[in-house]
Student: 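Sharing a structure with you now.
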Amino acid sequence: MCNNSNLRFKNIKKKIEVKMNEIVEELNTSELGTKQFWEQRYIEEIENFNKFGDPGEIWFGEDSAERVINWIVCSNIKESKILDIGCGNGMFLIELAREGFTNLFGTDYSQNAINLAKAIAHKQDFSWINYCVKDILAEEFNHTFDIIHDKGTYDAICLNENPKDAREKYTNIILKSLNKDGYFIITSCNWTKDELNMQFKSKFTPVEIIPTPQFKFGGKVGHLVTTVIYKTI
Ligand SMILES: C[S@@+](CC[C@H](N)C(=O)[O-])C[C@H]1O[C@@H](n2cnc3c(N)ncnc32)[C@H](O)[C@@H]1O
């Protein structure tokens, strides 16, 4: 579930383009779309981790990561090489390591996030998880993956100053870094499944929607987060 700081992601969308009856909307820019924000945020989280052993925020709640991990576990793809983009504190990879996955990679453009992720992994005896600092909009990966996972990173990227350009770079880098028949799994609190499908439809096709809790407001049913699993077209 989105908690208070997750809710800061919830931005008023402004319509920017109407094309063939499809409405593409843009989010207002926000500090959550800047590296400076995340570097500062992870300094605070490192302090908390050092003082209290608290790994920091689990974005969209533990249930959200658990649903994806269950899907991966049930898919019987144990040997998969898995990349978590914008991994933050790395807790998603730690949970996969606990499930017996051994080919795990995490990347984030915040050096402080990677320092935190490494410290947590070390403390939990998972120092072997591969972490590196990388801005996924600026640098390519030098290998490819069976699963690329994103929880909240695309949301953050869409809040940066040039979101259209950023989205295009993001989609291309995912496409280049995914093995044939690989899965791209995304959890978002800013976009619905239809909006995600519309944004990725030129390169990816949805293969599954992981059910997430619903809420009802004013007679309308909605979701606080959306998780979609894609394959390349
Ligand atoms: C909402 S947090 C989610 C963190 C983590 N995925 C989780 O679920 O706990 C967004 C993360 O995306 C990272 N990020 C944003 N833009 C990025 C980029 N261009 N390249 C790599 N990481 C990025 C931020 O540093 C931050 O750790």
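It should be emphasised that the depicted structure is a prediction, and the values quoted were computed from it without experimental measurement. Each ligand, and each atom within it, is numbered from 1 in the order the structure gives.
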Student: Does any N or O atom in Tyr42 lie less than 3.5 angstrom from one in ligand 1, N or O only?
Tutor: yes
Student: Salt bridge check: are Glu168 and Lys164 linked by an N-O gap of less than 4.0 Å?
Tutor: no
Student: Tell me, please, whether Tyr109 has Lys134 positioned over its six-membered ring: NZ or CZ under 6.0 Å from the ring centre and within 45 degrees of its axis?
Tutor: no
Student: Are Trp59 and Phe92 an aromatic pair, judged by ring center distance below 6.0 Å?
Tutor: no
Student: Below 4.5 Å, heavy atoms only, C-beta onward: do His149 and Val68 meet side chain to side chain?
Tutor: yes
Student: Would you mind running through ligand 1 and noting each atom that sits below 4.0 Å from a heavy atom of Gly152?
Tutor: 1 (C), 10 (C)
Student: Please verify whether a non-hydrogen atom of Tyr170 lies at under 4.0 Å from ligand 1.
Tutor: no
Student: Out of Gly86, Gly61, Ala166, whose heavy atom sits nearest atom 4 (C) of ligand 1?
Tutor: Gly86
Student: Taking 4.0 Å as the limit for heavy-atom contacts, which would you say applies to Ile157 with ligand 1: side chain only, backbone only, both, or neither?
Tutor: side chain
Student: Under a heavy-atom criterion of less than 4.0 Å, does Cys87 contact ligand 1?
Tutor: yes
Student: Check Tyr109 against ligand 1 and report side chain, backbone, both or neither, counting heavy atoms closer than 4.0 Å.
Tutor: both
Student: Is there any N or O on Asp84 that sits under 3.5 Å from an N or O of ligand 1?
Tutor: no
Student: I'd like to know whether the aromatic ring centres of Tyr154 and Phe200 sit less than 6.0 Å apart in this structure.
Tutor: yes
Student: Does the Glu39 side chain pair with the main chain of Asn112, one donor and one acceptor, at a distance under 3.5 Å?
Tutor: yes
Student: Is it true that the side chains of Asn179 and Lys81 contain a donor and an acceptor less than 3.5 Å apart?
Tutor: no
Student: Quick check: does Asp135 get an N/O under 3.5 Å from an N/O on ligand 1?
Tutor: yes
Student: Quick one: which ligand 1 atoms are inside 4.0 Å of a heavy atom on Thr153?
Tutor: 11 (C), 12 (O), 14 (N), 23 (C)
Student: Can an N or O of Lys151 be found at a distance shorter than 3.5 Å from an N or O of ligand 1?
Tutor: yes
Student: What I want to check is whether the side chains of Tyr42 and Asn89 have a donor and an acceptor closer together than 3.5 Å.
Tutor: no
Student: Side chain, backbone, both or neither: which part of Phe60 comes within less than 4.0 Å of ligand 1 when only heavy atoms are counted?
Tutor: neither
Student: Could you check whether His143 and Phe105 have their ring centres less than 6.0 Å apart?
Tutor: yes
Student: Any cation-pi pair here, Lys118 with Tyr131, using under 6.0 Å and within 45°?
Tutor: no
Student: What atoms of ligand 1 come within less than 4.0 Å of a heavy atom belonging to Gly88?
Tutor: 27 (O)
Student: I'd like to know if Lys134 contacts ligand 1, where contact means a heavy-atom distance under 4.0 Å to any ligand atom.
Tutor: yes
Student: Can you sort out which atoms of ligand 1 are near Leu137, meaning under 4.0 Å from one of its heavy atoms?
Tutor: 19 (N)
